Amino acid sequence: MNGYFITFEGSEGCGKTTQIEALAKALEAQGKTVLITREPGGTLIGEKIRNLLQDPSHKNDISDMTELLLFSASRAELITSRIQPALARGEIVICDRFYDSTFVYQGLGRAIDMNIVEQLNQITVGTLKPDLTILLDLDAKIGIERAKSRQSGELDRIENESLAFFEAVRNGYLELAKKEPERFKTIDGLLSVDAIKKIIWDTVVNQF
Ligand code: Z5A
């Protein structure tokens with residue numbers, strides 16, 4: 001594989017979508033071929049799984065283990081059908097969330113045994129690893145407010161979790177970033193859209 005794989009992580013409302021679109025545009029302006037995708041989702045099957053996972057009417061119907069397996073199933077499909085082929089063609093792949101989300105949301109948020117999360121990750125992802133992970137770090141309360149204002153007050157199944165859940169998620173991300181400083185670039189999500197854009201661009205252009 002000779003493409004380049006970038007993932008964006010952070011808790012809800014941290015600004016991933018905004019920054020992914022801007023980065024892809026800037027890369028394309030330089031003549032690069034970019035695949036933007038997301039998790040859960042990004043494929044026909046993955047988008048169906050996404051709808052199931054986010055549907056607020058399933059609030060009490062999905063066990064923690066089922067949730068973990070559904071996120072993993074969506075990922076398996078995305079890697080095989082889109083990410084690996086794009087990387088093999090030498091493209092830049094930008095993915096809105098990847099396995100770090102599973103470690104913090106299911107491993108820490110849902111308190112599923114980390115050994116199980118890791119084993120499943122090995123099965124699903126194999127040796128594939130992001131070349132760069134942009135972590136947009138944001139206070140959990142502010143992130144939820146942003147998500148609420150964006151969706152006219154409607155929160156999906158996971159967004160309905162408690163503030164403590166999202167604080168665990170945020171801290172989990174910061175721990176992951178500390179463990180792998182060569183892969184993670186952590187950026188303060190409170191900065192302006194343009195300031196974040198510039199930091200991301202400066203980070204990414206240095207990679208090629
Ligand atoms: N999940 C999981 O549990 N396990 C897994 O393995 C995976 C995922 C892969 C997917 O949601 C859900 O699945 C997520 C984790 C879980 N659940 N939650 N909760 P998603 O990724 O589709 O959605 P999200 O994480 O909730 O992100 P989002 O709400 O789409 O937000 P975003 O993309 O990070 O931010 P945005 O849409 O760019 O910005 C949000 C708003 O803030 C918008 O009005 C912007 O204009 C504004 N914004 C953006 N940047 C700024 C700055 N810098 N300042 C001020 N305002 C800003």
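Remember, it's 1-based here, ligands and their atoms both numbered in the order they're listed. Just so it is clear, the model here is predicted, and its values are computed rather than measured.
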Salt bridge or not between Glu180 and Lys129? Use side-chain N to carboxylate O under 4.0 Å. yes

Do Asp55 side-chain atoms and Asn51 backbone N/O form a donor-acceptor pair below 3.5 Å? no

Taking atom types as modelled, is there a side-chain donor on Ser101 or Tyr173 under 3.5 Å from an acceptor on the other? yes

Any nitrogen or oxygen of Gly13 lying under 3.5 Å from a nitrogen or oxygen in ligand 1? Just yes or no. yes

Check Arg82 with Glu91, please: is the shortest side-chain N to carboxylate O separation under 4.0 Å? no

So the atoms of ligand 1 within less than 4.0 Å of a heavy atom of Val193 turn out to be 50 (N), 51 (C), 52 (C), 53 (N)

Within a strict 4.5 Å, meaning less than it, do heavy atoms of the Leu132 and Tyr4 side chains meet? yes

Taking only heavy atoms of Arg50 into account, list the atoms of ligand 1 that are under 4.0 Å away from them. 20 (P), 22 (O)

Out of Phe98, Phe71, Phe103, who gets a non-hydrogen atom closest to atom 13 (O) of ligand 1? Phe71

Counting only heavy atoms closer than 4.0 Å, does ligand 1 sit against the backbone of Ile196, its side chain, both, or neither? side chain

Give the C-alpha distance, both sets of side-chain angles, the deciding distance and a yes or no for salt bridge (Lys or Arg N to Asp or Glu O under 4.0 Å) between Glu167 and Arg170. CA-CA 5 Å; Glu167 280 168 349; Arg170 182 194 188 187; over 6 Å; no

More than 12 heavy atoms from other groups under 6.0 Å of CD on Gln207: yes

Does ligand 1 have a heavy atom under 4.0 Å from the side chain of Glu21, from its backbone, from both, or from neither? neither

Close N or O approach (Ser11, ligand 1; < 3.5 Å): no

With heavy atoms under 4.0 Å as the rule, classify the contact between Gln106 and ligand 1 as side chain, backbone, both or neither. side chain

If the contact criterion is a heavy-atom separation under 4.0 Å, does Cys14 count as touching ligand 1? yes

Does a salt bridge link Glu47 with Arg38, judged by any charged N lying under 4.0 Å from a carboxylate O? yes

Could a heavy atom of Glu161 be found less than 4.0 Å from some atom of ligand 1? no

Ignoring hydrogens, just give me the one of Glu39, Glu67, Arg146, Lys197 whose non-hydrogen atom is nearest atom 9 (C) of ligand 1. Glu39

Check whether the ring centres of Phe5 and Phe98 lie less than 6.0 Å apart, and answer yes or no. yes

Measuring only between side-chain heavy atoms, which start at C-beta, is Asp64 closer than 4.5 Å to Gln106? no

Check contact between Phe166 and ligand 1, using heavy atoms of the residue and a distance below 4.0 angstrom. yes

Does any N or O of ligand 1 fall below 3.5 Å from an N or O anywhere on Leu191, backbone included? yes

With a 3.5 Å cut-off and no angle check, do the side chains of Arg89 and Thr33 form a donor-acceptor pair? no

Any heavy atom of Arg97 under 4.0 Å from ligand 1? The part involved is side chain

If we only count N/O pairs under 3.5 Å, is Thr102 in contact with ligand 1? yes

From Ile200, Leu23, Val34, Thr133, residue fulfilling side chain to side chain contact (heavy atoms under 4.5 Å, CB included) relative to Ile6: Leu23

Relative to the heavy atoms of Ser192, which atoms of ligand 1 are at a distance of less than 4.0 Å? 53 (N)

For ligand 1, indicate whether the residue Arg75 contacts it via side chain, backbone, both or neither (heavy-atom separation under 4.0 Å). side chain

Say whether Ser149, considering both its backbone and side-chain N or O atoms, lies within less than 3.5 Å of an N or O atom on ligand 1. no

Could you see which bit of Gln54 sits under 4.0 Å from ligand 1, with heavy atoms only: side chain, backbone, both or neither? side chain

Residues Asp194 and Lys198 bridged, charged N to O under 4.0 Å: no

Ligand 1 versus Tyr99, non-hydrogen atoms closer than 4.0 Å: side chain, backbone, both, neither? neither

What about Gly15: any of its N or O atoms under 3.5 Å from an N or O on ligand 1? yes

